[in-house]
Amino acid sequence: MRSISCSHINRPCLQDKNTKHAYIPSRRLVPHLKHRIKLTRSQSTSASQVATQTVTRFSRNDAESVHKSLETLTQAILQDPVTQYLSPGDKVSSDDLKQHIKQQLDQANAANLLFHVDTFSAAAWCYKVPEELPLKEVNQEPAAMSDSTVKDKFTELSKAMSEQLVDFLMAHGTCIKVSFIGTQPEKQGQGLGGQLIRAINKVADAEQQWVYLEASSERGTHLYLRNGFQIVKETKLQPDAPTIYCMGRPPKPDVPSDV
């Protein structure tokens with residue numbers, strides 16, 4: 001049986017005069033997280049330390065780019081706190097995880113937004129979610145995994161996250177969902193993830209779309225908060241599981257996309 005503990009975060013909403021979107025001010029949203037999300041100055045990359053790289057958008061039909069970005073995402077997600085919780089002792093193989101990630105690309109059909117930066121040192125797979133999320137996605141199970149216990153846990157996670165996405169769509173309509181974003185372990189801390197997020201935000205602003213993602217690491221959550229995201233819900237699969245922060249970012253008005 002699935003056991004999911006969710007806590008809604010209720011905060012006063014403001015209406016942006018230039019858009020139709022209501023949003024929750026970040027300053028009112030995050031104070032209760034300060035004791036949990038703390039990064040030292042050495043952990044945070046300042047703008048002066050980052051050599052800006054070109055963010056490249058590519059097509060799902062570009063097999064070589066898909067393959068290279070899949071390798072990067074797999075390396076990053078293997079180190080994710082939720083992956084390590086669901087698969088203690090490295091029970092999930094990189095091949096299993098690649099199948100799981102690739103499945104998400106296949107289900108989104110032609111609505112993909114795929115990016116990489118610094119020759120695939122970091123990559124992001126996103127897609128445009130319709131206002132009415134297909135039922136097949138809500139009920140979809142992960143690709144076959146060699147360990148049945150791990151597969152059951154990933155199935156539980158996928159269903160829980162799909163339910164949170166449906167809730168978000170009901171509140172905000174269509175959105176751009178960041179399915180996967182990650183940086184190669186040896187390249188982390190160089191600001192590449194931030195460059196990807198800002199590129200995604202530019203596309204979302206140009207199309208006047210919310211951006212939705214889930215974060216499970218302190219570093220990632222801190223990065224998204226700095227780039228305009230708000231925590232809309234906290235989810236735990238089990239009491240001892242890492243917290244997953246469901247996050248959304250409202251579009252800024254009249255921002256052209258050059259990505």
Side-chain angles (χ1 to χ4, degrees), residues 1-11 24 26 29-39 73-88 91-92 96-97 100-101 103-104 107 124-127 129 133 137-142 145 149-172 175-183 188 193 196-197 200 210-249:
M1 295 294 290
R2 187 165 78 244
S3 174
I4 302 170
S5 172
C6 300
S7 59
H8 291 267
I9 303 174
N10 297 313
R11 292 290 186 274
I24 304 172
S26 296
L29 192 66
V30 300
H32 73 293
L33 297 174
K34 287 183 178 178
H35 66 287
R36 278 182 283 171
I37 302 176
K38 290 184 178 179
L39 296 181
L73 292 171
T74 301
Q75 292 180 43
I77 295 170
L78 279 170
Q79 294 191 339
D80 183 84
V82 172
T83 302
Q84 294 179 356
Y85 172 80
L86 296 176
S87 177
K91 288 183 179 180
V92 63
D96 285 344
L97 194 56
H100 174 64
I101 298 171
Q103 182 185 47
Q104 307 303 311
Q107 79 177 30
W125 285 7
C126 321
Y127 69 100
V129 185
L133 192 67
E137 178 171 329
V138 178
N139 296 324
Q140 190 169 22
E141 294 188 358
M145 292 186 172
T149 301
V150 172
K151 179 183 177 181
D152 289 344
K153 289 181 177 180
F154 269 87
T155 299
E156 178 183 5
L157 174 65
S158 296
K159 289 182 176 179
M161 293 301 95
S162 292
E163 290 170 3
Q164 307 309 329
L165 178 56
V166 169
D167 288 345
F168 188 83
L169 291 174
M170 291 177 65
H172 304 294
C175 71
I176 292 174
K177 182 182 186 297
V178 182
S179 293
F180 300 101
I181 183 168
T183 304
Q188 291 177 3
L196 284 174
I197 281 293
I200 295 166
W210 279 73
V211 184
Y212 175 86
L213 54 77
E214 297 108 13
S216 55
S217 70
E218 291 186 357
R219 181 186 291 274
T221 304
H222 187 81
L223 168 66
Y224 305 136
L225 289 171
R226 291 202 316 268
N227 282 278
F229 284 79
Q230 308 151 5
I231 299 172
V232 296
K233 185 180 290 187
E234 298 177 30
T235 298
K236 278 180 175 284
L237 293 176
Q238 298 290 343
D240 62 337
T243 299
I244 299 174
Y245 299 101
C246 302
M247 307 181 74
R249 176 191 179 271

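All values below were derived from every heavy atom in this structure, side-chain atoms included, with hydrogens, water molecules and symmetry-related copies excluded.
- You'll find the side chain of Cys175 reaches within 4.5 Å of the side chain of Leu165, heavy atoms only.
- Heavy atoms only, all atoms of each residue included: Thr183 and Ala76 are closest at O-CB, 3.5 Å.
- Between the OG1 atom of Thr74 and the CG atom of Asp96 there is a distance of 10.5 Å, given to the nearest 0.5 Å.
- Between Trp210 and Phe168, the two ring planes are perpendicular [angle over 60°; tilted spans 30° to 60°].
- The minimum heavy-atom distance linking Cys126 with Ile176 is given by the pair CB-CG2, 4.0 Å.
- Taking the side chain as every heavy atom from C-beta outward, Leu213 and Ile181 never approach each other to under 4.5 Å.
- Going from atom NZ of Lys177 over to atom OH of Tyr127 covers 5.5 Å, rounded to the nearest 0.5 Å.
- Residues Glu156 and Gln238 are in side-chain contact: their nearest non-hydrogen atoms beyond the backbone lie under 4.5 Å apart.
- A donor-acceptor distance shorter than 3.5 angstrom exists from the side chain of Lys236 to the backbone of Ala241, with no hydrogens or angles considered.
- The shortest heavy-atom contact between Pro81 and Ser216 is CG-O, 3.5 Å.
- Summarising the geometry, atom OG1 belonging to Thr155 is positioned 10.5 Å from atom CG belonging to Leu86; distances are rounded to the nearest 0.5 Å.
- Side-chain contact between Leu157 and Met161 is present, with heavy atoms from C-beta onward closer than 4.5 Å.
- For Gln75, the side chain to side chain contact (heavy atoms under 4.5 Å, CB included) partners at least two apart in sequence or on another chain are Gln184, Pro185, Glu186.
- Shown are Leu223, Asn227, Thr221; of these, the side chain to side chain contact (heavy atoms under 4.5 Å, CB included) with Leu225 is made only by Thr221.
- Using a 4.5 Å cut-off on side-chain heavy atoms (C-beta onward), Val232 and Gln164 make no contact.
- Between the CE atom in Met247 and the NZ atom in Lys233 there is a gap of 15.0 Å [rounded to 0.5 Å].
- In this structure, Thr235 and Cys246 have side chains that are in contact, with non-hydrogen atoms separated by less than 4.5 Å.
- A donor-acceptor contact closer than 3.5 angstrom links the side chains of Tyr85 and Asp240.
- For the pair Trp125 and Ile101, the minimum side-chain heavy-atom distance is below 4.5 Å.
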Full working for side chain to side chain contact (heavy atoms under 4.5 Å, CB included) between Tyr245 and Thr243: CA-CA 6 Å; Tyr245 299 101; Thr243 299; 3.7 Å; yes

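- A donor-acceptor pair under 3.5 Å is absent between the side-chain atoms of Thr83 and the main chain of Gln79, judged by distance alone.
- Considering only heavy atoms from C-beta on, Glu214 comes within 4.5 Å of Tyr212 through its side chain.
- Taking CG of Leu169 as the start and OG of Ser162 as the end, the distance is 10.5 Å to the nearest 0.5 Å.
- Within the model, atoms CD1 of Ile200 and CZ of Arg249 stand 10.5 Å from one another, a figure rounded to the nearest 0.5 Å.
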